[in-house]
Amino acid sequence: MNNRLRELRDAKGWSQGELGERLGVSRQTVNAIETGRYDPSLPLAFRIAKLFRKTIEAIFDPGE
Amino acid sequence: MKRALQIPYSRRRYRAATLALMAVYVALMLLVWPFARGAHGTPAKVALALLPVLPVIGVIWLMVWRVLHADELEQRLHMVALSVASGVVAAASLVGGFLGAAGVLVRGDLLIWVFPALCLVYGLARWIAARRYGTDGCE
């Protein structure tokens, strides 16, 4: 699954660790999501969407 | 929505507590356990023989605490590693059991190796799984 998490995080000027703290997950988890190696659970996807004030679809793209 | 916060201080405390418990375990194995066979009476033998189990139970409790306080990716890594470790150790135990039943293996202390083997395979499997997700696996 593709996502815009890195782009949105960079726009806020946050490090992966800072974003992880805001989301209640580790820096490693943020990194795994950004690199597309891990797809977050629905609750975490909602937390991400709420944090960036966007819809889940605006951040995550299931792709082909 | 419930959040599992990562608390570095608690992680350090987890490592310190694990090391302390393992030090107690090693001390008991070296200083107390050798006297189990020579102890007088079954209650004393049982008590001395099982004393090293207490710190191991503490380590298991800490492992459970760690998994419960991990975030969702870490919990997935723990689950994958535990699944692999359970499967490998179960298969090895089955092999040992069959060999024991056939009289090929007659060592009575074989079961002592189940927990260390579980920890070893779990650590290896977790490291491999963590690399797959792009983390260092040593957290």
Side-chain angles (χ1 to χ4, degrees), chain A, chain B residues 1-19 59-87 118-139:
Chain A
M1 192 186 303
N2 303 317
N3 68 76
R4 297 174 52 213
L5 193 58
R6 186 184 297 269
E7 173 194 333
L8 293 168
R9 177 176 63 78
D10 285 343
K12 293 276 188 184
W14 294 337
S15 66
Q16 288 183 337
E18 282 176 295
L19 177 57
E21 278 180 27
R22 289 168 192 271
L23 293 171
V25 298
S26 65
R27 183 193 64 76
Q28 285 80 8
T29 298
V30 172
N31 181 60
I33 295 170
E34 284 186 357
T35 54
R37 294 181 192 225
Y38 174 66
D39 295 331
S41 67
L42 199 52
L44 179 54
F46 270 113
R47 290 211 298 273
I48 293 169
K50 190 177 174 186
L51 183 67
F52 291 107
R53 299 182 182 209
K54 294 193 179 298
T55 60
I56 289 178
E57 295 91 331
I59 301 173
F60 296 97
D61 172 22
E64 291 303 314
Chain B
M1 291 176 207
K2 190 181 171 187
R3 292 189 194 185
L5 291 172
Q6 292 299 298
I7 308 164
Y9 173 69
S10 296
R11 186 168 280 165
R12 282 198 298 272
R13 225 170 50 169
Y14 165 82
R15 284 181 185 150
T18 304
L19 282 175
V59 169
I60 292 170
W61 186 87
L62 281 174
M63 289 167 76
V64 171
W65 180 90
R66 184 184 172 185
V67 172
L68 289 177
H69 288 80
D71 71 15
E72 59 183 56
L73 175 58
E74 288 178 323
Q75 285 188 341
R76 175 180 287 204
L77 295 175
H78 287 304
M79 189 189 70
V80 169
L82 281 171
S83 302
V84 171
S86 301
L118 195 69
C119 290
L120 187 73
V121 180
Y122 163 79
L124 186 65
R126 192 182 183 285
W127 181 74
I128 293 170
R131 282 177 61 89
R132 190 176 156 225
Y133 286 103
T135 70
D136 58 19
C138 296
E139 285 295 314

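Protein chains get the first letters and strands the later ones, always in sequence-line order, with residue 1 at the start of each. What's counted below: heavy atoms across the whole structure, side chains too, no hydrogens, waters or symmetry copies.
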Residues of residues 49-56 of chain A within contact distance of chain B, non-hydrogen under 4.5 Å: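 Those residues of residues 49-56 of chain A which would need a heavy atom under 4.5 Å from chain B do not exist here.
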Chain B-proximal positions within residues 32-40 of chain A [heavy-atom distance under 4.5 Å]: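 Listed by number, the contacting residues are A/Ala32, A/Arg37, A/Tyr38, A/Pro40.
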With only heavy atoms counted, which part of B/Arg76 is less than 4.5 Å from chain A, the side chain, the backbone, both or neither?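 Just the side chain, heavy atoms under 4.5 Å.
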Report yes or no: does B/Glu72 contribute a side-chain atom to a donor-acceptor pair with the main-chain N or O of A/Ser41 at less than 3.5 Å?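 The answer is yes, because a donor-acceptor pair under 3.5 Å joins these two groups.
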Taking all atoms of both residues into account, what is the closest heavy-atom pair of B/Leu73 and A/Gln28, and its distance?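 Nearest heavy atoms, B/Leu73 then A/Gln28: CD2-O, 4.1 Å.
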